[in-house]
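First up is the structure itself, then whatever we jot down about it.
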Number of protein chains: 2
Amino acid sequence: MTKASTFDRKGRATIVDVGRVAGVSDATVSRALNKPETVSAKTRARIEAAIAETGYVPNPLAKAMVSGRTYTIGALVPTLNHSIFSKFLHALESDLSDQGYNLVVAVTDADRDREVEKAKKLLAMGVEGLIVSGLSHNADLLREAARFAVPLIATSYYEPSAPLPTIGYDNKIVATQALAHLTALGHRRIAVAHGPVAGNDRTRSRIDALADPGEGASLTFYETTLDYAGGAAVVDRLEGPYSALLCLSDVLAVGALFQLRSLGKRVPEDISLMGFDDLDASQFTVPPLSTVRLPIQDMGRVTARAVCDFLDSGSPIAPRLLEAQVIARASTGAVPLAPGASDNPRGS
Amino acid sequence: MTKASTFDRKGRATIVDVGRVAGVSDATVSRALNKPETVSAKTRARIEAAIAETGYVPNPLAKAMVSGRTYTIGALVPTLNHSIFSKFLHALESDLSDQGYNLVVAVTDADRDREVEKAKKLLAMGVEGLIVSGLSHNADLLREAARFAVPLIATSYYEPSAPLPTIGYDNKIVATQALAHLTALGHRRIAVAHGPVAGNDRTRSRIDALADPGEGASLTFYETTLDYAGGAAVVDRLEGPYSALLCLSDVLAVGALFQLRSLGKRVPEDISLMGFDDLDASQFTVPPLSTVRLPIQDMGRVTARAVCDFLDSGSPIAPRLLEAQVIARASTGAVPLAPGASDNPRGS
DNA sequence: CAACGCAATGTAGACGTCTACATTTACTAT
DNA sequence: ATAGTAAATGTAGACGTCTACATTGCGTTG
């Protein structure tokens, strides 16, 4: 009943106030809180009453200061508007949380300078680990992480020789898998749509992997903006008798699909369409989209485990390759028998 | 050049070590760091050298402990897999960051108990503010926030009489706006698809607002899962001659659209289709989706400002109504003249 | 040259919690 | 009863940084 009025030096009661009220020392209160079995039941009861009376709540900062731990991990992502990243964060948060860690999120807008800037903020607030996307970063990022002696992990990428541990898929292999799906269906003349290369090493690698397609295939690349409109735009720019359009992102593929259909092209009869990422929407488009499912969930899980293991027991963080999987749906099919017979009335 | 070897009591050099090397007291080092103008240029130079030599990096925890501030805000969202939430967080993070705050994210999976649980974790790590979605919460949530004397804001909701400040749109008004768009086009028999009501007060309010539609309109409600498949499923369950399908989420509408098209129904000739949220994809579907654009970006901005203003200058957090906007696109049209005359040959 | 004022730096203790070690208490076994 | 022991609690100081106040030193002014 006694209001906390006697304790509000700056408002909050401390462990010492609790001790005073309960008639014990602050050490005993601390023990009652952290190792209840070491304090007698009677005393514990008195302390609990005192806590209730004073409205004591532990000061997280003091605790962190003593333990030197914040149980906080920082993640830097280019954007939250792409489901690939939000899914990753979802999985990451889930697992970190299970292991008692919190997740701080910072958005970089794919800008390397902003990335370092925000990384510094995160470090200054005490994150114990830093997770970034991809491999191309401002050199200061590595330096800062090292200065603060905080582990730094790159995701969405697998490159064992990188200067920092990478956890993700191998973008080259993945691109090759997608291409293989198309060539196996007989496609040779293939258009490839992709988002901006600048500052996006994942896109870069995928393209590189396709540079020498083999199998007598010939690829033509179309760069565009990474959104539905970009996918649609590529369809308008398409030249030549492609039998397949490979989009290095499902967002592009869905955009392209809508545009193809509104132009009256049939998928896959006129042109096969393949995406990348396996968005939620991709299995519900008409026709359902063939795509490559990236191991995003796994990536979140594995990354979370790796950081936590490192922080909890010092096990070093090893690079880790995760496998992607081609999902063949109805948007890809065999090459039309008469390849030259492409008569499309006033198309595009 | 001298390695940090003399300072690694537990690894890191402290301000005291720097002082020792520079031949000054720790207070002077602290000042050199925080109010450089109060220390002579000569000393400052020596201190900087000492910092470089020792590899000193400030301990965020000690700093936070003294200042009593963490500059960290916690956000609890049901999921990160829905772009409505990730967009909100994107905007929120952006603005918080501009004002010098960090954002900790926790996912609740729309489970109230998990919500409190995670809220406690966030409070225990020292967040200075808590942001949640919607109005229905475990009672402990309010209590805990109060115990820690941390402001708690509900978003995606506007309800000035709520026990906590709300920043968002009025779900009833918004639903009414959508319905008005359809009735203005002459629709009277309307199917309404919505996600699970349990634990989702936003959906609840929208439905309530439609309970008494007026205008001689008659609505039938279909509950389904909140994903593309759910939207598609509703189409299959539809009974009766509806002239319009109103989906209380664009995800449902897009799912429904795909399904309608694969059944050969024309939109909007056979049935008008309206969504809710204005997803990125919604303007690129075929036909583009009429929808209600929710002020998500604004909500992030306004919420961020409100918390920061409160923390920085104590201005109380006031409820705030944000306006939604009907976006009329091609998926909605006038009611067909001969409502019964629906003869479409295997379309698409 | 004394007195003053200001700039630069040092001293000391606070912030709230934890913990190694010391002390007290109570009980058991002889 | 008495030493011995284990359980319960207290004492003191550490964690790293900040800051109010005290001190030092120097230059200016009359």
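Residue numbers begin at 1 in each chain, while the letters A, B, ... track the order of the sequences. All heavy atoms count here, side chains included; hydrogens, waters and symmetry mates do not.
- Across the protein-nucleic acid pair, A/K42 atom NZ and C/dT25 atom P stand 13 Å apart, rounded to whole Å.
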Exercise. Just by protein heavy atoms under 4.0 Å, how would nucleotides 18-23 of chain C read 5' to 3' in B, S and -?
Worked result: BBB---
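- Nearest-nucleotide positions on DNA chain C for A/V57 and B/V24 put B/V24 closer to the 5' end.
- Side-chain atoms of B/K118 and B/T108 form no donor-acceptor pair, as typed in the model, at a separation below 3.5 Å.
- Looking at residues two or more places apart in sequence or on another chain, you find a side chain to side chain contact (heavy atoms under 4.5 Å, CB included) between B/H90 and A/T79, A/L80, A/N81, A/V107, A/D109.
- A/T303 contributes a side-chain N or O that, together with a main-chain N or O of A/M299, makes up a donor-acceptor pair within less than 3.5 Å.
- Every residue meeting the ring-ring contact (aromatic ring centres under 6.0 Å, His included) condition with A/Y71, not counting sequence neighbours, appears here in chain and number order: A/Y101.
- Put simply, CG on B/D298 and CZ on B/R320 are 8.0 Å apart, with the number rounded to the nearest 0.5 Å.
- As judged by a 4.0 angstrom heavy-atom cut-off over every strand, B/S40 is placed among residues touching the sugar-phosphate backbone only.
- B/G19 comes within 4.0 angstrom of no nucleic acid atom, judged by non-hydrogen atoms across all strands.
- Looking at A/T72, its side chain does come within 3.5 Å of a backbone N or O of A/T70 through a donor-acceptor pair.
- Comparing the helix axis at one end of the helix from C/dC1-D/dG30 to C/dT30-D/dA1 with that at the other, each defined from 5 consecutive pairs, gives an inter-axis angle of 50° (nearest 10°).
- For A/D98, there are no side chain to side chain contact (heavy atoms under 4.5 Å, CB included) partners, not counting sequence neighbours.
- Taking the side chain to side chain contact (heavy atoms under 4.5 Å, CB included) definition, one finds that A/A32 meets it with A/V39, A/R44, A/I47, sequence neighbours left out.
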